[in-house]
Amino acid sequence: MNSTSAALSLDWHARANALAIDGRAFIDGSRASASEQHSRPTTSPVDGRVLAELAAGGPADVDRAVAAARRAFPSWSRLGAEKRKGVLLALAALMEQHADELALLETLDSGKPILQTTTVDVPGAISTLRWYAEAADKQSGELPAVPPGAAALVTREPLGVVAAIVPWNFPLEIAVWKLAPALAAGNTLVLKPAEQTSLSVLRLADLAAEAGLPDGVLNIVTGTGRQVGAALALHMDVDTLAFTGSTAVSRTLLEASGRSNLKRLSLEAGGKSSNIVFADTADLPAAAAKAAFGAFYNQGQVCSANSRILVQRDVHDEFAALLADAAAAYRPEDPLAGLAGNGALISSAHTDDVEGWIVRGRTEGEVLFGGERREIRGSNAYLEPTLLGGLGAEHDVHREEIFGPVAVLHAFDTEGEAVRLANATDYGLAASVWTSNLSRAHRVAGELLAGTVSVNTVDALGNTTPFGGFKQSGFGRDLSLHAFDNYTAPKTTWIQFG
């Protein structure tokens, strides 16, 4: 039975009711309560149920975790790439065996549809972990040219203790984006999941111990950004910090690095991405279907969401009608029913914020479709996919990251205007271009200030290509071999023999 069939055939509500969830942290190889015995209930946006009592960690717990990671670093880094690869592959195999459980935790914690977590999120995390495990023993150093009588070796050395702070929109996948290259390179890790979505990563840590990962190599400290995140950012024994989240928090991490030990940072700080549709697009219905995916997938809670849809005026009205039809595939449904469609947003409070943008759009422009809030299984964290129009290019809806199923449609006339509109943002994470003109595709892609430009598709990424941004979307790259640069540094050994 494939993942899609399983999502449709299983009684996920019954499985959710029977699930026993441990909300304690994972430090030095085992589950641990917070040092001060504090905890808080974590609830599901799916239906408001309390899922677990989640350990509310603080600076003392961060100290314990960092100390454990520091103790584990010498032996893990010297273990050798081939043996590290074996442990990580064993973990990937265990994740595959427990894939349904991980997917259910992900859905309950985040509100994502079970059809998505079983077919995309969990398989994607497993694929990424395997990719970096296989890459571990295939890295090589350099033998640069030096004067006669000498030899120089340049090796890539693990940095030591890595802190990772990951968001709630792709809890398991983005955690693996960080931990897989960090551990494969020989580092040890202290990971802070988002306080809203900690459960799948905690279960991953249990499986890592079962796979043979030594104590202290992977630690999960749950809690708030103010308590756990700040303590990691300021910690004098953390060598580097990897973060995915907002630009505002990225700024505080930069400040904390300067105030502490100048720890390295890699920051993926969000975006406000454009999708440019030219009139010469060969297949306008396909472009509209992909535009709906780019704007509304994952309830629009995607840092690289193509939420600014720029359409050449000649096809503007036709495209708007096609997009309205395509958006129907992203109407909210019960996330545990195994159906296509969107799930819940991360919380009712966040849904309030997103709905506020819709109210502004209706007042200051127009709602072209959607805009309604729905209640499913007692939760009101569900929104119809929404398209706004009639808002000038200078309007906040073109500039600010909404992080919900809300897009804005805007007409343009010329290629130069489209590029100017797309680049008129503080961010530079992603962009998409639709055209049948190969010269235009190359020309426009070269002019767009974005870390990834997708041509005749949207939001393209994979294990082999780097993901990250320009401008206030941050620096450093996840995915691909380039991610090793976040967790290693070149070391020169010069041997003079003549």
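The analysis underlying the following values was restricted to heavy atoms, covering all of them including side chains, and did not include hydrogens, waters or symmetry mates.
Interatomic distance, Lys192 NZ to Phe243 CZ, rounded to the nearest 0.5 Å: 9.0 Å. One finds the CD atom of Glu333 at 10.0 Å from the OH atom of Tyr382 (value rounded to the nearest 0.5 Å).
A donor-acceptor contact closer than 3.5 angstrom is absent between the side chains of Asp109 and Ser44. With hydrogens and angles left out, the side-chain atoms of Arg49 and Asn17 include a donor and acceptor closer than 3.5 Å. Thr117 and Thr107 share a donor-acceptor pair across their side chains, judged by distance under 3.5 Å alone. At a cut-off of 3.5 Å, with distance as the only test, a side-chain donor of Ser200 or Glu106 sits close to an acceptor on the other residue. For the residue pair Asn306 and Ser432, a side-chain donor N or O sits within less than 3.5 Å of a side-chain acceptor on the partner.
For Asp459 and Lys290, the salt-bridge test fails: no basic side-chain N is under 4.0 Å from an acidic carboxylate O. Taking 4.0 Å as the cut-off between side-chain N and carboxylate O, Arg264 and Asp485 do not count as a salt-bridged pair. For Lys272 and Glu401, the salt-bridge test fails: no basic side-chain N is under 4.0 Å from an acidic carboxylate O. Between Glu173 and Lys178 there is no salt bridge, since none of the side-chain N atoms of the basic residue sits less than 4.0 Å from a carboxylate O of the acidic one. With salt bridges taken as basic N to acidic carboxylate O contacts below 4.0 Å, none links Glu394 and Arg399. We find that Asp100 and Arg15 are joined by a salt bridge, their nearest charged nitrogen and carboxylate oxygen being less than 4.0 Å apart. Ionic pairing of Asp121 and Lys112 is present here: one or more N-O contacts between side-chain nitrogen and carboxylate oxygen are shorter than 4.0 angstrom. Between Arg203 and Glu101 there is a salt bridge, with a side-chain nitrogen of the basic residue lying less than 4.0 Å from a carboxylate oxygen of the acidic one. Arg31 and Asp206 are joined by a salt bridge, as a carboxylate oxygen and a charged side-chain nitrogen come within less than 4.0 angstrom of each other.
Contact annotation: the side chain of Leu51 approaches that of Leu199 to within less than 4.5 Å [non-hydrogen atoms, C-beta and beyond]. Side-chain contact check for Glu268 versus Phe467: some heavy-atom pair is nearer than 4.5 Å.
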Legend entry - Audit row: Asn219, Leu191, side-chain contact (heavy atoms from CB on, under 4.5 Å) steps and yes/no: CA-CA 6 Å; Asn219 306 273; Leu191 187 142; over 6 Å; no

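Aromatic pair Tyr487/Tyr132: ring centres not closer than 6.0 Å.
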